[in-house]
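Please read the structure below before turning to the comments.
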Amino acid sequence: MSNVPTAVSRLGEDDSRESQNLRAVKWLLTQEGGPIVVVTPRRAVESECLARLTSHPRVRHHAWRGHNGGFYDGQRVLYAWPDRQRLNEIWNVDADAIAVIEWSTEETAAWVEDVNPVQLYPGRTVEPQHGQLATLDPLPNGVDAILEHVAAMAAGYSTGLKWNEEDQLKADMMNRPDRWVDVTVEQVRAKCRQLGMRGKDVDTIADFVQRRKDGRRFNVRSSYRTFEFD
């Protein structure tokens, strides 16, 4: 769960997209912090309230194309209609506040579960749940230790997993299939999220596991082709 104040504006019954947009804008403006950054799929915005916000001289507006997200220190971020890839750019990042305008619940489901944001609906606000974190069963055959090692390595890089950690994982999955056979994709995903890994890295590792379960093989560089974790 992120410590950054975060909200998602969701479409409710008898609602409109413009009202949904406005809820996100109003929430973000009530949050303390630095300048506002608005990120939308395209520069052209078919929303009166977003167009008004982005026209302000002190608000920076980015379209997806050519924008490298993920570096929002000291800023308040409004992210409109992100897909899964774009949500990964605001997963475990530093910012003063983040407001997301949801387009598809399928795209945001994992992000909402992990981040536990304020949920903005017409006429009501659902506050984050503050229960105890779910206890995960240990993963067998040393998979827990492998994921903990990979997470620690990824945390040291500003961009997450490097190619060599990815190749090590792929090689181990092919050279030690017995280690991974009893581990489900969801177990791996849950463990990676518990370790605080970036959304992109969680998706990458879960995809490796799924591809092996589907009988796929990986291309691994020669230096790691015979690699196995201890």
Side-chain angles (χ1 to χ4, degrees), residues 1-2 8 10 41 64-65 67-70 79 81-93 100 102-117 133-230:
M1 176 179 171
S2 172
V8 56
R10 318 191 81 170
W64 290 0
R65 185 175 183 179
H67 174 60
N68 295 319
Y79 221 117
W81 319 301
D83 57 16
R84 182 63 171 266
Q85 176 187 345
R86 305 296 167 174
L87 280 169
N88 284 340
E89 296 180 355
I90 50 173
W91 195 315
N92 294 340
V93 302
V100 169
E102 180 182 75
W103 185 264
S104 165
T105 57
E106 291 182 1
E107 295 284 354
T108 59
W111 180 83
V112 169
E113 183 179 351
D114 182 79
V115 176
N116 192 22
L133 295 175
T135 301
L136 301 180
D137 293 330
L139 300 183
N141 306 323
V143 173
D144 262 346
I146 290 172
L147 296 179
E148 288 165 5
H149 167 74
V150 171
M153 295 299 293
Y157 307 132
S158 62
T159 56
L161 280 178
K162 297 292 187 181
W163 68 266
N164 51 323
E165 278 91 27
E166 292 184 4
D167 269 14
Q168 288 174 4
L169 279 168
K170 290 189 289 188
D172 192 82
M173 289 178 188
M174 289 195 296
N175 296 327
R176 289 291 309 276
D178 55 304
R179 192 202 303 273
W180 298 88
V181 66
D182 295 325
V183 178
T184 69
V185 175
E186 286 310 313
Q187 284 177 313
V188 170
R189 182 179 291 279
K191 179 64 177 181
C192 291
R193 287 167 50 203
Q194 185 186 63
L195 292 169
M197 299 185 73
R198 295 170 176 84
K200 178 182 178 182
D201 294 341
V202 175
D203 283 349
T204 295
I205 296 172
D207 181 63
F208 289 166
V209 177
Q210 183 62 64
R211 287 162 64 187
R212 284 300 293 149
K213 290 187 178 297
D214 292 340
R216 304 272 297 278
R217 295 187 60 80
F218 301 120
N219 290 321
V220 178
R221 292 166 178 83
S222 58
S223 55
Y224 288 105
R225 204 158 288 158
T226 62
F227 178 85
E228 296 179 17
F229 285 102
D230 295 334

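Formation of a donor-acceptor pair under 3.5 Å by the Glu113 side chain with backbone atoms of Ala110 is not found in this model. Remark: side-chain polar atoms of Asp201 are not paired, donor with acceptor, to backbone N or O of Met197 under 3.5 angstrom. Judged purely by atom type and a 3.5 angstrom limit, Arg10 has no side-chain atom pairing as donor or acceptor with the backbone of Thr105. Between the Asn175 side chain and the Phe227 main chain, a donor and an acceptor come within less than 3.5 Å of each other. Under the 3.5 Å distance criterion, the side-chain polar atoms of Asp144 are matched with a main-chain donor or acceptor of Leu139.
Applying the side chain to side chain donor-acceptor pair (under 3.5 Å) test to Arg84 and every residue at least two apart in sequence or in another chain returns Asp203. Remark: Ala206 engages Val185, Arg189 in a side chain to side chain contact (heavy atoms under 4.5 Å, CB included) (not counting sequence neighbours). Partners of Thr108 under the side chain to side chain donor-acceptor pair (under 3.5 Å) rule, at least two apart in sequence or in another chain, are Glu102. Scanning for side chain to side chain contact (heavy atoms under 4.5 Å, CB included) contacts around Arg217 gives Met174, Arg212, with sequence neighbours left out. Arg211 meets the side chain to side chain contact (heavy atoms under 4.5 Å, CB included) test with Asp207, Phe208, Arg216, Phe218; sequence neighbours excluded.
At most 12 non-hydrogen atoms from other residues, nucleotides or ligands lie less than 6.0 angstrom from CH2 of Trp103. Enclosure of atom CG in Asn219 is not indicated, since only 12 or fewer non-hydrogen atoms of other residues, nucleotides or ligands lie within 6.0 angstrom. Summarising the local packing, NZ of Lys200 is surrounded by 12 or fewer heavy atoms from other residues, nucleotides or ligands at distances under 6.0 Å. For CG of Asp214, the number of neighbouring non-hydrogen atoms (other residues, nucleotides, ligands) closer than 6.0 Å is greater than 12.
Residues Arg179 and Phe229 have side chains in contact (heavy-atom distance under 4.5 Å, counting atoms from C-beta outward). Taking the side chain as every heavy atom from C-beta outward, Trp111 and Pro82 never approach each other to under 4.5 Å.
In plain terms, the two heavy atoms of Asp182 and Pro140 that are nearest each other are CB-CG, 4.5 Å. When all heavy atoms of Cys192 and Ile205 are compared, the pair lying nearest together is SG-CD1, 4.0 Å.
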* To do: Before giving the answer on side chain to side chain donor-acceptor pair (under 3.5 Å), spell out for Asp172 and Trp180 the whole-Å C-alpha distance, their side-chain angles and the decisive distance to 0.1 Å.
  => CA-CA 9 Å; Asp172 192 82; Trp180 298 88; 2.8 Å; yes
* Would Asn88 and Arg198 satisfy side-chain contact (heavy atoms from CB on, under 4.5 Å), going step by step from the backbone distance to the final call? -> CA-CA 7 Å; Asn88 284 340; Arg198 295 170 176 84; over 6 Å; no
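In this structure, the separation between NE2 on His149 and CG on Leu195 is 12.5 Å, given to the nearest 0.5 Å. Distance check: Leu147 CG to Gln194 CD gives 10.5 Å after rounding to the nearest 0.5 Å. Put simply, CZ on Arg193 and CG on Leu136 are 9.0 Å apart, with the number rounded to the nearest 0.5 Å. Taking CD of Gln210 as the start and CD of Glu186 as the end, the distance is 9.0 Å to the nearest 0.5 Å. Note that CH2 of Trp64 and OH of Tyr79 are 7.0 Å apart. Values are rounded to the nearest 0.5 Å.
Residues Glu148 and Lys191 are paired through a salt bridge, judged by an N-O separation under 4.0 Å between the basic side chain and the carboxylate.
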Distance-only donor-acceptor hits, side chain of residues 161-169, under 3.5 Å, sequence neighbours excluded:
residue: Glu165; atom: OE1; partner: Lys162; partner atom: N; Å: 3.2
residue: Glu165; atom: OE2; partner: Tyr157; partner atom: OH; Å: 3.4
residue: Asp167; atom: OD2; partner: Arg221; partner atom: N; Å: 3.1
residue: Asp167; atom: OD2; partner: Arg221; partner atom: NH1; Å: 3.2

